[in-house]
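A quick write-up on the structure given underneath.
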Amino acid sequence: MVEKHLLEFLEKIQLLIARNVEIIHFDINRIRRICGIDVAYKGNTGYAVGVSMDFKTEDYYYNSYIGEVNFPYIPGFLFMREAPLMIKAVEGLACDLILVDGHGISHPRKSGIATVIGVLLNFPTIGVAKSKLVGDIIEESGISYVYLNGEKVGVKFGKYFYSPGNKVDIQDCIDLGKKGYPKVLKIADMLTKKLKKE
DNA sequence: GCGACAG
DNA sequence: ATCTTGTCGC
């Protein structure tokens, strides 16, 4: 159980992070290497894997980090559970953009885990989630947008949600989403499950 | 009170 | 996320 005063304190930190987000066009086409990070669990032990893949040849290498996780999963505060491990797994890897398993600004306080990591590392990030956290899905000219308070905060392609983490924009999310679920995240997910089995 | 609710 | 067999669908 997490006390109310702590969650309210964390909300203030999220608001600070949201104030430091940069929504600017990145251009998916200039990616040379792309990173993906994910975490799997076995009890209270978290197994994080960061993958760096050549966007063209799809050759990759990875780094992993294993650590205890005690903060509970609370919708809207996923970063307290996974960001520490994800950052340890991705730091040191070479790439131009990092894809995070979770939402970016498509979050109650526009501070999802992809945004937290992007701002803390001062690096381009995009959040890719398997389900919705907040907002309404509104279709416009063939594209399903996630609207929050009258603002586009993400897009939906198939069963996946893409939202800006930091230093990218909605258009970048559209360009990425059109390519289908990122292979680098599929590999990260696969490695993360393999790691906990060993 | 009821429904929603990333991983 | 994780616990878990067979099974419906593209």
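Lettering follows sequence order; numbering is per chain, from 1.
- In this structure, A:Y73 does not count as stacked on the base of C:dA1 under the 5.5 Å centre distance and 30° plane angle limits.
- Remark: A:K194 NZ is loosely packed, at most 12 non-hydrogen atoms of other residues, nucleotides or ligands lying under 6.0 Å away.
- Atom-to-atom, OH of A:Y160 to P of B:dG7 comes out at 10 Å; the value is rounded to the nearest Å.
- A straight line from CG of A:L99 to C1' of B:dA6 spans 16 Å, rounded to a whole angstrom.
- Residues A:L99 and A:L121 are members of separate hydrophobic clusters, defined by side-chain heavy-atom contacts under 4.5 angstrom among Ile, Leu, Val, Met, Phe, Trp and Tyr.
- Backbone-only contact: A:Y41 has heavy atoms under 4.0 Å from sugar-phosphate atoms and none from a base.
- A:K197 has its NZ atom 10 Å from the P atom of C:dC3, to the nearest Å.
- Here B:dG7 presents its C1' atom at 12 Å from NE2 of A:H107, a figure rounded to the nearest Å.
- Note: CD1 (A:I137) to C1' (B:dA4) measures 13 Å, nearest angstrom.
- Within 4.0 Å (heavy atoms only), A:F77 reaches at least one base atom of the nucleic acid.
- For the pair A:E82 CD and C:dT2 P, the computed distance is 10 Å after rounding to whole Å.
- Without hydrogens or angle criteria, A:T125 side chain to A:A114 main chain gives a donor-acceptor distance under 3.5 Å.
- Using modelled atom types, no side-chain atom of A:K88 and backbone atom of A:Y65 make a donor-acceptor pair closer than 3.5 Å.
- With sequence neighbours left out, the ring pair (Phe, Tyr, Trp, His ring centres under 6.0 Å) criterion links A:F9 to no other residue.
- Rounded to whole angstrom, the span from the CZ atom of A:R81 across to the P atom of B:dG7 amounts to 13 Å.
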Requested in this report: Applying salt bridge (charged side-chain N to carboxylate O under 4.0 Å, His left out), run through A:D175 and A:K179 and close with a yes or a no.
Outcome: CA-CA 7 Å; A:D175 296 337; A:K179 293 177 174 297; over 6 Å; no

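- In the set C:dT2, B:dA6, B:dG7, the nucleotide with an atom closest to the side chain of A:D101 is B:dG7.
- Note on A:G76: a base of the nucleic acid sits closer than 4.0 angstrom, heavy atoms only.
- For C:dA1, one of the phosphate oxygens OP1 or OP2 lies less than 4.0 angstrom from a side-chain nitrogen or oxygen of A:K130.
- At the phosphate of B:dA6, neither OP1 nor OP2 sits under 4.0 Å from any side-chain N or O atom of A:S106.
- The nearest whole Å value for the distance from the NZ atom in A:K193 to the C1' atom in C:dC3 is 13 Å.
- Looking at heavy-atom distances under 4.0 Å, A:A40 makes contact with sugar-phosphate atoms alone, never a base.
- Note on residues 167-186 of chain A: pairs passing ring-ring contact (aromatic ring centres under 6.0 Å, His included), not counting sequence neighbours, are A:Y160-A:Y181.
- Looking only at distances, a side-chain donor or acceptor of A:H103 sits under 3.5 Å from a matching main-chain atom of A:S131.
- With a cut-off of 3.5 Å on both pairing distances, the Watson-Crick and G-U wobble pairs of DNA chain C never assemble into a stem of 3 or more.
- Residue A:K42 is out of contact with every strand shown, counting any heavy-atom pair closer than 4.0 Å.
- At least one side-chain nitrogen or oxygen of A:K196 sits closer than 4.0 Å to the OP1 or OP2 atom of C:dT2.
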